[in-house]
Amino acid sequence: MHTDKVKHDFEPKIVALVCTWCTYAGADLAGTSRMQYPPNVRVVKFPCTGRIDPVFILRAFQKGADGVLVSGCHPGDCHYMAGNFHARRRFAAFRKLLEFVGVDLSRLQFSWVSAAEGGKWVEMVTELTERVRQLGPLTEFRELELAEQWSGATLTTPELKEAYQAI
Amino acid sequence: MKHSKMTLSAETMNLGFVKKVEQLSGSSVRRCFQCGKCSAGCPMRSFMEHPPNRIVRLLQLGQFERVLAGRSIWYCASCETCTTRCPNKVDLAAIMDALRKLSWDAQGPSKESLVQLANRLFIDNIRTYGRQYEMRLAAVFNLKSGKLLKDFMLGPSLFTKGKLKVFHKKNRNIGEIERIFSRIEELRRKGEAT
Amino acid sequence: MNKTARKYESAALADEGYWTSVSQAIRQEAVRLLEQGAVAGVVGYIAGRRTGTAMPVVAATPDQAKELIFSPACVNNLALYLTKAKKEVRAKGKLAIVAKGCDLRALAGLLGESQLKREDVYIIGIACAGVYGAHADRSQPLCDATIARKCRECTVREPTDTDLVAGTLPALPALEPLEAQELARLEAMTPQERWAFWKEHFSRCIRCLACRQICPFCFCEQCLCDRNRPQSVETTPRPAGNTAWHIVRAMHLAGRCGGCAECERVCPMDIPLNLLNRKMAKELKELYDYEAGLTPQEKGPLTEYKEDDDESFIK
Amino acid sequence: MTPAKNILNYSYYPGCSLHASAKEYDESTRGLFKALKIGLHEVPDWLCCGATPAHNVDELLSLSLCAKNLELSNQVDGDLAVACAACFSRLKVTQHRLAENEEKRHQVAYALDAPLALDKPVKHLLEILATDFGLDRLAAAVQKPLSGLKVACYYGCLLTRPPDVPELDDCEDPSIMERVIGATGAETVSWSHRMECCGANFTLSRPGVVLKLSGEILASAKRGGADCIMVACPLCHGNLDIRQKEIEEASGRHYGMPVFYMTQLLALAAGVSTSKLGFGSMMVSPVSLLKEKGLL
Amino acid sequence: MSRIGVFVCHCGENISRTVDVEKVAAEAGRLFGVAYTCDYKYMCSDPGQNLLKKAVAEHKLEGIVVAACSPRMHEKTFRNAAKAAGVNPFLCEMANIREHCSWVHEDRDEATAKAIDIVTMMVERVKRNKKLQPITVPVTKKALIIGGGIAGIQSALDIADSGHQVVLVEREPSIGGHMAQLSETFPTLDCSQCIMTPKMVDVVNHPNITLHTYAEIEAVEGYIGNFQVKVRKKARSVDMAKCTGCGVCMAKCPQKKIPNSFDKNLGFRPAIYVPFPQAVPNTPVIDRENCTWFKTGKCGVCQKVCGPGAVDYTQEDEIVVEQVGAVVVATGFQLYDIGPKPAGSAIEGYGEFGYGTIPDVIDGLTFERLASASGPTGGKIVRPSDGAEPKSVVFVQCVGSRAREKGISYCSKICCMYTAKHTMLYKHKVHDGQAYVFFMDARTPGKGYDEFWRRSIEEEEAVYIRGMVSRLYQKGDKVVVMGSDVHIGVQVEIEADLVVLATAVQPREGADTLAQKLGISYDKYHFYSEAHAKLRPVECATAGIYLAGACQGPKDIPDTVSQASAAAAKVMTLFARNELEREPIVAKVNERFCVGCLACRKVCPYGAVEEKEIRDRSGNLIKVVAYVNPGVCGGCGTCQATCPSKSVELDGYTDEQIMAMIEAL
């Protein structure tokens with residue numbers, strides 16, 4: 001797959017939040033089948049997608065991830081019966097919120113990858129990596145991290161400016 | 001008739017007829033579970049109003065008039081595909097033979113006359129000459145079916161290619177052949193054969 | 001925040017008789033309840049010292065109850081006083097509470113989330129014409145120019161499932177849905193524009209957490225955002241932490257928020273917080289046909305599921 | 001290799017068609033067997049097997065006619081060689097049916113007015129060539145290899161069906177024709193309609209049926225990349241060769257596909273004089289094809 | 001400060017071929033808190049494990065990261081090694097640098113960089129891992145079986161034979177269930193009662209089985225190994241200890257014309273009765289609704305004639321409390337009723353079949369009673385309307401089943417076979433009769449099943465007609481069946497003497513109520529849900545509760561018996577241990593901060609969350625919080641993701657651990 005290795009200017013950081021029963025096992029299968037995919041992904045294992053708090057996704061973006069993949073068992077296959085059903089609603093709502101706040105949703109991918117779908121895991125990781133590579137680094141959160149609360153430029157009234165300068 | 005309602009009862013189901021068909025063909029009719037494989041592979045399916053599986057189905061319900069009235073049995077090419085592939089060992093080709101025989105004996109409840117005519121001439125030829133003479137068969141068929149000019153264009157070229165013999169002679173043993181025919185007729189008269 | 005020039009009508013939406021009759025009904029019931037000893041106190045409003053103001057009160061005696069009023073200045077969501085966050089009020093025993101439609105939705109939510117038992121509270125619902133907005137000129141009556149944005153599109157003016165309804169709703173004209181328009185404006189923006197919009201707002205946040213304090217649903221004893229092991233949300237008022245706070249807050253309120261917009265009212269930095277809540281409510285309605293209502297529900301949209309929920313966003 | 005069976009001798013039942021429309025089949029068969037030094041002696045006074053029309057309406061007649069032929073064949077030594085697929089099928093079916101049905105056996109015996117003599121092995125030419133004679137010897141006898149000729153082997157219905165009767169080859173995936181002609185160095189193509197029905201005896205009563213079914217066969221052979229079709233049945237030959245021009249007219253497609261009897265090609269390879277192969281009798285002339293391949 | 005050891009495995013060359021293992025070890029050594037690193041050819045080998053144990057001792061390691069293959073491969077190996085070395089096994093984690101790194105990447109630099117990241121993440125995680133202890137739960141070695149049909153009987157006998165105590169609870173006055181009502185059984189046509197009654201007798205005679213008939217489950221509390229069950233024994237009005245089963249009371253009871261529901265109301269019984277002669281226990285009950293004594297206070301004949309003085313009109317319902325360690329639910333099925341349904345029911349009846357008003361239209365179970373030698377007609381097949389022998393019988397399959405319109409989309413599974421059986425029983429008894437069967441598909445997967453079905457057609461000459469019947473109506477003394485043969489596309493009409501409907505198999509009424517008491521889940525039809533459709537077909541998701549028979553889905557007798565024995569085997573597996581030990585990956589509530597909104601309870605797939613009251617020393621309620629029962633918790637963590645204040649945490653996957661991994665990036 002990557003025999004003709006191209007050096008890219010930008011290697012995105014991808015964080016994958018996966019459940020241990022399906023997607024983690026699917027990624028293992030990709031390994032045992034010696035499939036190849038971009039090395040940009042870092043996997044965090046959960047017992048179930050039901051355990052994945054939206055805060056983790058937010059935190060990953062804040063801490064430098066350029067893309068986040070969330071993946072678990074197909075509906076009906078959850079080891080815990082219903083964890084992924086709850087997760088599905090939670091993520092459906094959360095991505096709408098992120099979108100509303102102005103986050104580009106093409107950096108956030110949700111998928112169902114079963115323990116038998118090594119190929120789908122490779123496809124998901126490759127797709128997201130390549131897509132995020134095209135988008136470039138996620139600068140918005142990084143800029144926020146660097147920004148301070150007040151800068152004189154946002155102060156609108158002379159009194160406030162004066163007060164700010166006095167501090 | 002094809003679409004009219006069917007009332008089922010011990011009286012309306014002619015199961016005796018079905019037994020006769022089973023006896024003549026040596027094949028069970030009830031075994032069929034209507035998988036449709038016979039119809040799926042039948043080369044003549046598109047020429048039949050009842051596909052082969054439906055013929056068997058009608059037999060299962062003892063509906064012999066519906067079977068014999070149709071042209072389907074006369075459109076069977078005897079290619080044996082159905083029999084070969086039937087998962088239940090229903091010998092449909094033999095059942096078709098039996099049905100044609102019963103229809104033939106009943107003197108044509110079917111509208112299909114051309115195939116019956118061809119068969120009749122073919123057998124008559126054997127009785128008369130012992131062997132088949134295609135020219136004669138074709139000519140008489142055309143004459144009797146009223147399609148005088150059918151295959152008119154083929155005739156001369158076949159002739160020049162030496163494929164049609166105008167003159168033909170009877171077998172030396174034509175007497176023995178006639179005996180076969182007449183003895184079969186005798187058996188039937190006596191009710192010792194169907 | 002909408003700075004487009006608009007002509008506001010200053011004609012009163014309800015006449016003085018309406019406000020008086022509502023106040024009368026509240027007082028009468030409160031006095032009766034206290035005299036009979038049916039409740040230990042009535043959570044309601046009394047007039048503020050300045051004209052055009054009102055403030056929450058827990059009337060514990062019939063005399064105090066005679067002071068109760070209802071006016072356009074009764075902006076507070078009193079449901080807040082029944083949550084565990086205000087333990088001293090609850091400790092008094094069974095309470096009666098004066099509740100506008102939006103407050104009722106909060107009460108229904110609290111009932112559904114085991115924070116309150118219906119038998120422990122006597123609800124005096126108000127047929128509510130609306131209350132003042134955050135920056136309203138309170139010398140004017142309740143009118144197109146002074147009414148709160150949430151009230152412009154209120155769907156719960158007539159309370160249900162209460163023990164008593166105070167007042168009769170006057171006929172009200174249809175008002176321009178400013179908040180819905182603002183929501184639509186934001187939705188029409190590109191993600192970059194929206195990011196810029198919220199970045200500007202969130203960077204002004206001073207993390208006073210008034211939004212949290214005023215919210216009837218923020219009844220947690222330990223807020224996730226105050227934790228430091230692990231620190232999910234940075235606590236200092238820097239843009240990164242502020243953004244995270246407001247996202248987490250909106251997420252935690254999704255499927256629960258009753259739309260009282262108190263968060264937005266109390267925000268000293270004028271951050272349009274209710275837009276976030278409105279947005280989530282809208283999405284949950286579209287996705288799961290869920291709406292916060294006046295009746296307590298066994299499960300919220302994010303604590304239940306259907307096997308055939310939409311998953312078009314999942315590959 | 002196998003010293004035994006060096007001299008092969010057969011009684012021969014040509015059937016009606018081989019004396020008429022399929023005379024080139026008869027000629028080439030005799031030519032081939034002569035070249036291979038296999039004895040072939042026609043059964044005297046044979047009669048029509050009854051073919052499809054007889055069994056279609058009168059099974060007893062069909063059985064009786066075939067039983068009579070089997071009886072007649074005993075006048076000549078050697079297993080009974082049959083060229084026509086339909087005759088072959090009827091003779092085999094008769095042996096089969098009468099073996100398993102005592103009632104019918106009695107009826108037929110009465111009709112023939114003689115004790116039944118049905119035991120003579122009935123063999124199709126293909127079986128004789130592939131098994132009795134052997135493919136090695138057949139290959140050794142080749143004088144003019146047919147290499148370069150792409151042949152579509154057409155089995156039709158009756159060579160292999162029904163499964164338990166002819167016992168010639170696998171009834172769904174036979175290869176005997178390919179193996180036999182392959183011994184001459186000809187290339188056989190893989191194609192879809194090897195065993196589909198050509199329309200058979202509807203050629204007389206309902207030629208429209210033949211135009212459709214045989215048309216599909218020709219189209220399939222063309223798709224398979226064949227230069228020509230090889231058959232072992234006069235009726236199939238008649239439908240594919242004699243009616244080919246009509247099929248072309250009806251479908252608007254040009255095939256120009258010569259249809260050989262298997263023995264024509266085998267005899268050609270075995271060095272039999274082309275004048276004895278009846279190429280001139282074919283409606284679709286093979287001359288240009290054979291010239292192109294350097295076989296004429 | 002932590003002292004963590006990082007062990008990097010070469011896995012022969014599987015890892016070291018693409019990952020620079022020395023570099024990974026060296027980089028890991030720079031991490032804060034890492035006290036020791038090394039790399040080794042095969043960490044999972046004995047020398048590799050010894051290396052780990054030695055390093056723990058020498059370097060006083062408090063946490064271990066093994067960078068090697070997938071934890072699914074060797075986590076257990078290394079956690080055992082850690083345990084042997086004196087480190088809590090839950091402080092040992094694996095960094096998957098083989099399946100997730102060396103095998104899927106080719107570029108050595110990139111793979112090495114990724115491996116370092118993976119190790120770093122795991123180091124940060126291990127720093128925050130807590131020592132966890134396996135959870136142990138004691139096991140009460142006594143099983144409760146709910147339902148005394150063939151499923152419950154089989155389970156009860158199997159468990160009792162293994163030496164464990166069994167409590168069998170049956171709602172009806174006798175055990176036996178539906179199987180006791182059947183005439184013959186497919187595909188062997190042996191008599192149902194002949195094979196059933198010996199088993200019923202075995203139950204009542206078994207020293208390990210306590211039988212409660214005419215009893216229902218009142219309440220269930222507790223969890224795997226420790227259930228407390230309240231059983232309501234309905235007042236029988238007959239003292240079981242005194243009754244000899246002589247039957248005089250039944251003979252003398254003046255009230256004799258009560259339709260016997262066991263016989264599908266074809267026959268009658270007295271007010272004091274056993275449902276059928278072979279009933280177990282053979283002790284009558286008084287049907288208080290129909291008894292003259294209970295209705296008017298007069299009569300008392302049965303009491304007067306009872307020699308042992310067993311009849312006791314004053315008996316009251318009794319609550320028995322049983323402590324059990326496991327529960328087998330075997331409540332079976334009921335047949336769909338084609339009659340009109342009371343308002344509020346989701347399932348409509350069949351107006352086109354006359355809503356059950358045509359007397360000669362019966363269901364399959366009624367036909368069983370007609371054909372049964374011990375049935376109300378002594379095995380003679382007659383029409384209910386006039387008692388005449390039916391000469392043409394039409395059987396209609398899939399009535400209610402596979403009919404989404406009726407709210408039942410599933411296949412009832414047994415009807416194809418029992419209808420084939422019915423045609424045979426009919427033909428055996430009425431030789432000149434003709435059986436017709438309207439069917440949509442014939443579903444006969446089972447040993448000898450298809451052959452059986454074919455026999456009904458080929459030998460017994462039943463006429464099968466593919467197509468659903470449109471309508472039934474009375475015409476004189478006949479029932480006109482309007483159907484169609486879809487094979488030939490022709491409408492078919494039959495004037496039948498008797499019509500037998502193969503009505504859908506449904507769960508028992510009240511299945512949902514029982515499920516709520518047990519805390520098990522059920523599907524939209526109220527069939528109980530197994531934990532996994534393929535791999536855990538007899539267990540409920542709720543630990544310690546097992547399913548047997550048609551309560552889980554339509555099932556025939558062989559399948560039911562198989563499942564019943566399988567459930568028994570599961571119970572015996574549980575009872576083979578004195579204590580249950582389970583991975584301590586369970587959720588725990590921080591009671592200090594929990595405000596008791598109970599969102600966790602709403603999302604918990606296991607029903608593991610309960611309310612817990614916190615009181616001060618003088619007993620005043622301080623607050624209500626959530627409590628996670630560790631015996632029931634499955635460890636999915638959905639509660640934690642849902643909890644707004646994160647007052648419930650999943651051990652082994654705490655926010656702290658996960659945040660540390662994310663932040664390590």
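Chain naming here is simple, since letters A, B, ... match the order of the sequence lines and numbering starts at 1 in each.
Ranked by non-hydrogen atom pairs under 4.5 Å with chain B, the options D:L47, D:L72, D:V57 are led by D:V57. Ranking B:D97, B:N119, B:L24 against chain D, the residue ahead of the rest is B:D97, based on heavy-atom pairs under 4.5 Å. Between chain D and the residues B:E176, B:R100, B:E186, B:R172, the most heavy-atom pairs under 4.5 angstrom are made by B:R100. In terms of heavy-atom pairs under 4.5 angstrom with chain B, the leader among D:K212, D:H106, D:E103, D:E216 is D:K212. With respect to chain B, the highest number of heavy-atom pairs below 4.5 Å among D:K104, D:E172, D:R161 belongs to D:R161. Counting heavy-atom pairs closer than 4.5 Å to chain D, the top residue among B:A93, B:G130, B:S46, B:A118 is B:G130. For the set B:T83, B:T194, B:N173, the count of heavy-atom pairs under 4.5 angstrom toward chain D peaks at B:N173.
A salt bridge does not link B:E22 to B:R31: none of the charged side-chain nitrogens sits closer than 4.0 Å to a carboxylate oxygen. Under the 4.0 Å criterion applied to side-chain N and carboxylate O atoms, D:D173 and D:R194 are assigned as salt-bridge partners. Residues B:R188 and B:E185 are not paired through a salt bridge, judged by the lack of any N-O separation under 4.0 Å between the basic side chain and the carboxylate. Using a cutoff of 4.0 Å between basic side-chain nitrogens and carboxylate oxygens, D:R97 and B:D91 are scored as salt-bridged.
Using a 4.5 Å cut-off between heavy atoms, D:L158 touches chain B through its side chain atoms alone. Contact annotation for D:Y110: both backbone and side-chain heavy atoms come within less than 4.5 Å of a heavy atom of chain B. Residue contact with chain B, scored on non-hydrogen atoms closer than 4.5 Å, is absent for D:K245. Heavy atoms closer than 4.5 Å to chain B are found nowhere in D:S89, neither backbone nor side chain. For D:N201, the part lying near chain B is the side chain, with the backbone staying farther off; criterion is any non-hydrogen pair under 4.5 Å. Of the two parts of D:E246, only the side chain, counted from C-beta on, holds a non-hydrogen atom closer than 4.5 Å to a non-hydrogen atom of chain B. Heavy atoms closer than 4.5 Å to chain B are found in the backbone of D:M282, but not in its side chain. Contact annotation for D:E24: only side-chain heavy atoms (C-beta onward) come within less than 4.5 Å of a heavy atom of chain B. D:L112 touches chain B through backbone and side chain together, each having a heavy atom under 4.5 Å away.
Although no hydrogens or angles enter the test, the distance criterion places no donor-acceptor pair under 3.5 Å between the side chain of D:N239 and the main chain of D:S214.
Across D:L65, D:L91, D:V43, a single residue satisfies side chain to side chain contact (heavy atoms under 4.5 Å, CB included) together with D:L70, and that is D:L91.
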